[in-house]
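Step one of this worksheet: look at the structure below.
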Amino acid sequence: MTMKDPYLDFIDLGYKPSDSDLVCLFRVEPAKGISMKEAIGRIASESSNGTWTSLTTLKPHIRAIRARAFSIKGNYVKIAYPIELFEMGSIPQLLSSVAGNVFGMKALKNLRLEDIEFPKAYIKHFKGPRFGLDGVFDKIFHMKERRPLLAHVPKPKVGMYTAEHAEVAKQAWLGGVDLLKDDENLTSQSFNTFEKRMRLMFKYRDYAEKVTGEKKSYLANITAETNEMIRRAKLVKELGGEYVMVDILTAGWAAVQTIRNTCDDLDLALHAHRAFHAAFTKNPKHGMSMLLVAKLARLVGVDQIHIGTVVGKMEASKEEVLDIDEEITEGKITEHKDVLTEEWGNIKPVLPVSSGGLHPGLVPYVVKLLGKEIAIQAGGGIDGHPDGVKAGATAMRQAIEASLEGIDLDDYAKTHKELAAALKHWGYLKPK
C-alpha cells in the first residue's frame, strides 16, 4: 500500500485566508525530481505543524491551525498561517517559524521569502517607531521646511584614533552635515573606545551647533552584547544625545526589540544599520528580501534605516529601492509583483536613508528618486574631497540645495567653489 504524502494536506487552493491569518509570499524552485506541489507542501508543513510522515498525535484541533498554500502562480506561492501559530510581539519566533528549517530542505533547490502580510491582530502587539519620519524632522531637527538630511560616516571607517575621528566629525558638522554616524564595525576598539569617543564627539557636536546655528546630531553605534548596549545607550542620553544606532541583523531581533524598549525609557531615536543583510538578500532566488527586513524593522520600531541608492556602490535595483521606500513610509501598501498588501494602522513611517558610495554628483538622482524626506549619507564622498572634509560636506549641501531648486549641478558649481571642486574630482561617477 502506498502511503499518502502527508505534505499535500498543507495545500488547499480553495482556502480563503481569514482577517487574522499571516500570509507569506515565497518564490519556490523545487529540487530535481520534486514536483512544485510536493515542494510547496513541504514548505507549508515544515513552517507550521507537519512533518515527513503521518502522525498519530495530529489531533483535529492541531490540524485546524496548519498552514495552507492557497495560491500558486508560476514560481510564486502564497501560504496562509493562522495567527495561533505565533507568539505575539516576537520577531525571533516569527522567523523561526516561516523562515526557519524550510531553507535547508533538500526538496528545494532555491527558496526566497519575499514578503509577509501582517494582520491588524498581529501588528497591534508591536510599538513601531518612537519618532519615525515626522518625529525626526519635527522633534529632533525642528525643521519648518523639510529637505534631505545630510549624514556622514568618517572614513576610514576603523583605525583612526579618537581625536582624529572626532576632528573629522567636527569639520563635517561645520561644513553642513546634520547627522554624524559611526560606521557598522566601529564600536569600542582599543584605538577608539566607545566612552572616550562619546565624550569628545558630543563636545564637538555642541561646538558645531553654536558656530553654525544649526541642529546637529550623532548616530552612536552601541552594537554589542545586549546589556552592554543598554549601558551605552544610557551614556549617550547622559551626554545629551538624541540617537543610538544598532546593526540590527548582527545584534539580532530580540536585542533590537529590547533596545527599542530602552529607547522609550530614554527618549532616544533608533537608527538601523542593515549590515549582514546581503548574506541572505542579494540572491534573487534564495533567502529573504531586503523589503521584508525593512518591514520587520518598521514593525519593531526603528526610526530610520538604510534602503540603498541604485547609483551607489551597493547592489540594488531601482524597483527594489522604491518598493522598500514605499513600504516604510506609506500607511497602506497595495499588492504588486513581489509585494503583498499591508495596512500599517498606527505604526509610524520610517525615515529612509540612502547610502553607499554617494558623492555630490549623484545627489540629484537620489533626490529625484526618493524625494526630500530622506537622509542622504556620504562617507568617502565627503572625506575624499580634494579640499578636505569641511569642503566635502559643504559640496554635498550645495548639491542638495541645487537639486531642490531644480538647478543643474554644473550651473550651480559656477558660483559654489566646493561643489565645483567635487565635480571636477568625481564628476558623475557611479562607483562599482
Side-chain angles (χ1 to χ4, degrees), residues 150-175 177-209 216-252 255-256 259 262 268 270-279 306 313-314 353 355-359 375 377-393 396 431:
L150 177 57
H152 174 51
V153 183
K155 302 288 185 176
K157 57 173 71 177
V158 290
M160 286 190 286
Y161 296 133
T162 303
E164 294 173 316
H165 183 96
E167 180 62 27
V168 172
K170 181 172 71 172
Q171 294 303 317
W173 273 319
L174 292 174
V177 161
D178 303 297
L179 281 165
L180 200 292
K181 175 186 164 297
D182 290 338
D183 223 330
E184 76 281 354
N185 55 344
L186 178 64
T187 53
S188 189
Q189 289 93 320
S190 59
F191 50 80
N192 193 352
T193 64
F194 184 83
E195 185 163 335
K196 187 176 179 181
R197 184 169 74 255
M198 292 306 107
R199 296 189 183 281
L200 192 53
M201 291 288 276
F202 283 111
K203 178 182 176 181
Y204 285 175
R205 187 277 310 264
D206 294 344
Y207 171 78
E209 286 185 340
K216 306 294 181 181
S217 199
Y218 174 40
L219 305 176
N221 185 5
I222 65 170
T223 305
E225 183 275 328
T226 309
N227 288 320
E228 176 62 14
M229 285 200 287
I230 294 171
R231 188 192 73 79
R232 292 178 182 180
K234 289 178 178 178
L235 178 60
V236 169
K237 180 64 177 180
E238 177 188 321
L239 295 173
E242 300 91 359
Y243 276 98
V244 290
M245 167 187 149
V246 175
D247 298 334
I248 60 173
L249 295 172
T250 55
V256 176
I259 292 302
T262 300
L268 293 171
L270 177 56
H271 176 93
H273 195 293
R274 60 181 185 167
F276 186 62
H277 81 94
H306 299 253
K313 66 181 180 180
M314 299 299 183
V353 179
S355 65
L358 294 181
H359 57 78
Q377 181 178 296
I382 286 178
D383 294 343
H385 191 284
D387 297 323
V389 176
K390 185 177 178 181
M396 284 294 293

Worksheet entry | Residue pair Ile382 / Ala151: nearest heavy atoms and the distance that separates them | CD1-O, 4.5 Å
Discussion item. Is the shortest side-chain heavy-atom distance between Tyr218 and Met198 below 4.5 Å?
Written reply: yes
Worksheet item: Minimum heavy-atom separation for Leu174 to Ala208, with atom names?
Response: CD2-CA, 4.0 Å
Discussion item. Would Arg232 pass as a cation-pi partner of Phe194, given that its NZ or CZ must be under 6.0 Å from the six-membered ring centre and within 45 degrees of the axis?
Written reply: yes
Worksheet item: Could you go step by step and tell me if His273 and Asp183 meet the side-chain contact (heavy atoms from CB on, under 4.5 Å) rule?
Response: CA-CA 9 Å; His273 195 293; Asp183 223 330; 4.2 Å; yes
Worksheet item: So do Ile259 and Ile222 actually touch side chain to side chain, heavy atoms under 4.5 Å?
Response: yes
Worksheet item: Do you know the tightest heavy-atom contact between Val246 and Ala251?
Response: CG1-CB, 3.8 Å
Discussion item. List the residues meeting side chain to side chain donor-acceptor pair (under 3.5 Å) with Tyr243, not counting sequence neighbours, and say none if there are none.
Written reply: Gln304
Worksheet item: Residues in side chain to side chain donor-acceptor pair (under 3.5 Å) with Asp178, at least two apart?
Response: Arg147
Worksheet entry | Pairwise side-chain contact, His306 with His271, heavy-atom cut-off 4.5 Å (strictly under) | yes
Discussion item. Counting C-beta onward and ignoring hydrogens, is there a side-chain heavy-atom pair between Leu180 and Lys216 closer than 4.5 Å?
Written reply: no
Worksheet item: Under 6.0 Å from the OH atom of Tyr161, do we count more than 12 heavy atoms belonging to anything else shown?
Response: no
Worksheet entry | Any residue meeting salt bridge (Lys or Arg N to Asp or Glu O under 4.0 Å) with Glu164, in chain and number order, not counting sequence neighbours | none
Fill in: More than 12 heavy atoms from other groups under 6.0 Å of NZ on Lys234
no
Worksheet item: Do the non-hydrogen side-chain atoms of His165 and Leu200 ever get within less than 4.5 Å of each other?
Response: no
Worksheet entry | Atom of Val236, atom of Ala220 and distance for their closest heavy-atom approach | CG2-CB, 3.9 Å
Fill in: Check: Ala275 main-chain N/O paired with Asp247 side-chain donor or acceptor under 3.5 Å
no
Discussion item. Could you report the tightest heavy-atom contact between Ala393 and Val177, atom names first, then the distance?
Written reply: CB-CG2, 3.8 Å
Fill in: Criterion salt bridge (charged side-chain N to carboxylate O under 4.0 Å, His left out) on Glu184 and Lys157, from CA distance to verdict
CA-CA 8 Å; Glu184 76 281 354; Lys157 57 173 71 177; 2.8 Å; yes
Worksheet item: Hey, what do you get for CG (Leu270) to CG (Leu219), rounding to the nearest 0.5 Å?
Response: 10.0 Å
Item to complete: Quick one: list whatever passes side chain to side chain donor-acceptor pair (under 3.5 Å) with Asp383, sequence neighbours left out.
Response: His152
Item to complete: Show your reasoning for whether side-chain contact (heavy atoms from CB on, under 4.5 Å) applies to Arg205 and Glu242.
Response: CA-CA 12 Å; Arg205 187 277 310 264; Glu242 300 91 359; 3.4 Å; yes
Worksheet entry | Euclidean distance, Met396 CE relative to His359 NE2, rounded to 0.5 Å | 9.0 Å
Worksheet item: To the nearest 0.5 Å, what is the distance between CZ (Arg274) and CG (Leu249)?
Response: 10.0 Å
Practice prompt. Could you pull out all residues at least two apart from Glu195 that satisfy salt bridge (Lys or Arg N to Asp or Glu O under 4.0 Å)?
Written response: Arg199
Worksheet item: Quick one: side chain to side chain donor-acceptor pair (under 3.5 Å) partners of Glu209, sequence neighbours excluded?
Response: Lys215
Response to the item:
Paired with Arg197, the side-chain hydrogen bond (donor to acceptor under 3.5 Å, both in side chains) test is passed by just one of Thr162, Asp182, Asn221, namely Asp182
Discussion item. Could you report the tightest heavy-atom contact between Val389 and Ala172, atom names first, then the distance?
Written reply: CG1-N, 3.7 Å
Worksheet item: With no hydrogens and no angle check, is any side-chain donor or acceptor of Gln189 less than 3.5 Å from a backbone partner on Thr187?
Response: yes
Discussion item. If I take atom CZ from residue Phe202 and atom CD from residue Glu238, how far apart are they, to the nearest 0.5 angstrom?
Written reply: 10.5 Å
Fill in: Side chain proximity check, Val244 to Lys237, heavy atoms < 4.5 angstrom
no
